[in-house]
Protein chains: 4
Amino acid sequence: MARPRSEDKRTAILEAATKIVAMLGVSAPTAKIAKGAGVAEGTLFIYFANKDELLNQLYLELKLELRDAMMPGYPAGEGPIDRSRHVWDRYIGWSSAHPLKRRAMRQLAVSDRITEKTKRLVGDAFGEVNDTMRECAAGGVLRHRPPSFVSAMMTAIADTTMDFVAREPAQAKRTTKAAFDAFWKAVAG
Amino acid sequence: MARPRSEDKRTAILEAATKIVAMLGVSAPTAKIAKGAGVAEGTLFIYFANKDELLNQLYLELKLELRDAMMPGYPAGEGPIDRSRHVWDRYIGWSSAHPLKRRAMRQLAVSDRITEKTKRLVGDAFGEVNDTMRECAAGGVLRHRPPSFVSAMMTAIADTTMDFVAREPAQAKRTTKAAFDAFWKAVAG
Amino acid sequence: MARPRSEDKRTAILEAATKIVAMLGVSAPTAKIAKGAGVAEGTLFIYFANKDELLNQLYLELKLELRDAMMPGYPAGEGPIDRSRHVWDRYIGWSSAHPLKRRAMRQLAVSDRITEKTKRLVGDAFGEVNDTMRECAAGGVLRHRPPSFVSAMMTAIADTTMDFVAREPAQAKRTTKAAFDAFWKAVAG
Amino acid sequence: MARPRSEDKRTAILEAATKIVAMLGVSAPTAKIAKGAGVAEGTLFIYFANKDELLNQLYLELKLELRDAMMPGYPAGEGPIDRSRHVWDRYIGWSSAHPLKRRAMRQLAVSDRITEKTKRLVGDAFGEVNDTMRECAAGGVLRHRPPSFVSAMMTAIADTTMDFVAREPAQAKRTTKAAFDAFWKAVAG
DNA sequence: AATGAATGAGAATTCATTCAT
DNA sequence: AATGAATGAATTCTCATTCAT
């Protein structure tokens, strides 16, 4: 297990892992992931000590990417509903644009292979998002709950929304609109 | 006639599967499930043709049990908020009382091993629950969405709630109360 | 393992075994044989102590049936070629009429599960057939070989013939005729 | 590059398979074959995708080896009986020298695991042998039959011969001689 | 560093046989 | 006697990980 040399290969492995985990779950064979990345089976273990480390890294990177997609352009000067809407739209937008990433993230989230440490790192990374959520929820029934609860609520509502959008794409606009209204009432109403 | 097939053993296998799947996911070995049920490895395949059938049956039974826990005592004569509250309380109550069942249900739900047929059976079984949800949502922003969407929303919000209750049991009451208020505003507000 | 009561059941098991062994080989499961015979899995072991005994009995019965099909109507008064032709025709006739029995017999013959004892019993049973063969071969190049060798030769030539007839049924008559001529030349020429 | 795939190991697996299949039939466990070859159980599946492929390859290689043993030194200039005798001697010689190979070949031939494709490849490979047989049979009763029929007849007669040689080795010479005479009369007489 | 052959501990099933009913 | 549920060893094949090249 020597020191890895190519950042490209690491990225290729993580991208292949996204696809394969999305499709086959966390029990996806490392050999398939390596093949998808265009590297040899053994090479994977140069970049990741073992499969668990790969899965944890993947989860972390996906979550960080999602976070990075949510904040830019945040309308700090606007009212809470606009700020909330911004976060919501970004979340829905990123998830719709990257269905495999979303599916992989979910598979990882329910698996027992994501360590507490990884979960903590993810929590830390979402500090800014949570702050935003706190502001949005400042006047609502959840104002005394931890901000991560509000974030989780948004994620839960948005994920459910996307499941239905996937089932009935024709209603996408209306479903998303209604779901945001519901979410807004939930946190701020 | 030979020994009759024992309902007790079938139940024991399903109960063991609940525990093991909750802990290890759908890749839980059938050998461990059989051992947990106190039967031989081969016996499992007398009661379930293969692992997929076991997983589908388990999912169906858990969902039916949850449904049966939700409806009794439904206050049909009361106003929507009370009726809604009834369903919510029952859902939270059952899930808190059976954390392993809830966890197993989730593992199964995100796996790709639950067939469309099983999903349809579950959907049919929740007809009454969905009717209730439709009534509750009649005046809210989700009134034009399918009732199963409202049900799914409640499940999502309640599941998120329970995750936080599990993390901070001291705040259970307050968290649950606030979450119900949020849910109520979301669907009826 | 009590004493079996019904000869019908024994026969049913052997008949089912013929079909199943013909189709699946000697590794055919006893459960399938029992099902084919319309009896319970355990019943098979009342009539046959174990699978090996079933297979040996089956082999013996098939061979005896074949023998019984070959001798009746034997034209003792005719010349050797007619007598030989009689045996040949009977063998071809029986095998064509009972392709499953023939196939089962072959599967059993090449398996390692037929004991020496069974083989000896079969050899003894073919005494009369062998005597006939000795007479037929009396003037030929095989006259100093054991008569069972001549029998085996006929079986080998006839089996090969039937394989080709099965492949090209349109040529059945001509193939069979030519093969008999070849056989006759081989043993008597 | 990693270790290259070793031709030695492939050969060792096929040789072990020959022994084990000869003794136990096609139901011989792959684990035993691997052990016999001195490789790990999993290694077998690097060289052969699955058991069926192993069995088909084995059958093909044995048949090709037999063919290669039959033709060298073919006395093209001699008369038909000498040419025929050459093929016969080579067949008997190879089969006597490699009883396990012969037994394995038979087990495979009667099993249902040899695909049509493999059978066709074998048939193609025996084109030259069949041509020889056609010439030998040109003046006999089988002259209008397909040459593969004559080949099959020779194989059948020779196999029967070897069974008897195995039973009475003291008579080997005489039995083989008489059997060839019989064969010659059959095809050319 | 990169490769992919090699390993062997499982994984899901199957099946001959036993035994409670 | 007859049944078929119960058993658990055996079977084929997979896969994370190691290591010779």
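Chain A is the first sequence line, chain B the second, and so forth, proteins listed ahead of strands; every chain is numbered from 1.
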Separation of I20(D) atom CD1 from dT12(F) atom C1', in whole Å?
16 Å
Close side-chain approach of Y47(D) to L54(D), heavy-atom, < 4.5 Å
no
Can you tell me the distance, in whole Å, between the CZ atom of F45(D) and the P atom of dA16(F)?
17 Å
Identify which one of L58(C), L55(C), I33(C), L14(C) satisfies the side chain to side chain contact (heavy atoms under 4.5 Å, CB included) criterion when paired with F48(C).
L14(C)
What side-chain hydrogen bond (donor to acceptor under 3.5 Å, both in side chains) pairs are there with at least one residue in residues 109-119 of chain B, not counting sequence neighbours?
D52(B)-R113(B), N56(B)-T115(B), N56(B)-T118(B), T115(B)-T118(B)
Salt bridge present between R106(B) and D163(B) (N-O < 4.0 angstrom):
yes
Which pair of heavy atoms, one from R102(A) and one from S95(A), lies closest together, and at what distance?
CD-CB, 3.7 Å
Could you give me the stems involving DNA chain E, meaning stretches of three or more consecutive Watson-Crick or G-U wobble pairs whose two defining distances are both below 3.5 Å?
E:2-21 with F:2-21
Are the side chain of R103(A) and the backbone N or O of T18(A) linked by a donor-acceptor pair below 3.5 Å?
no
Would you find a donor on one side and an acceptor on the other, under 3.5 Å apart, between the side chain of K35(C) and the backbone of T30(C)?
no
Any ion pair linking K101(C) and E15(C) (charged N to carboxylate O, less than 4.0 Å)?
no
Write down the distance between NZ (K35(A)) and P (dA16(F)), rounded to a whole number of angstrom.
15 Å
Scan nucleotides 6-11 of chain E nucleotide by nucleotide, 5' to 3', and note B when protein non-hydrogen atoms come under 4.0 Å of the base, S if they reach only the sugar-phosphate, - if neither.
BBB--S
Quickly work out the L44(A) CG to dC15(F) P distance and round it to whole Å.
14 Å
Value in whole Å for how far the C1' atom of dC15(E) lies from CG of L24(C):
13 Å
Rounded distance in Å - CG (D52(B)) to C1' (dT13(E))
13 Å
Atom pair distance, as rounded to whole Å: CZ in F48(B) and C1' in dT13(E)
16 Å
Shortest non-hydrogen contact from A37(A) to A12(A)?
CB-O, 3.5 Å
Nearest whole angstrom, please: distance from the C1' of dA2(E) to the CZ of R10(A).
18 Å
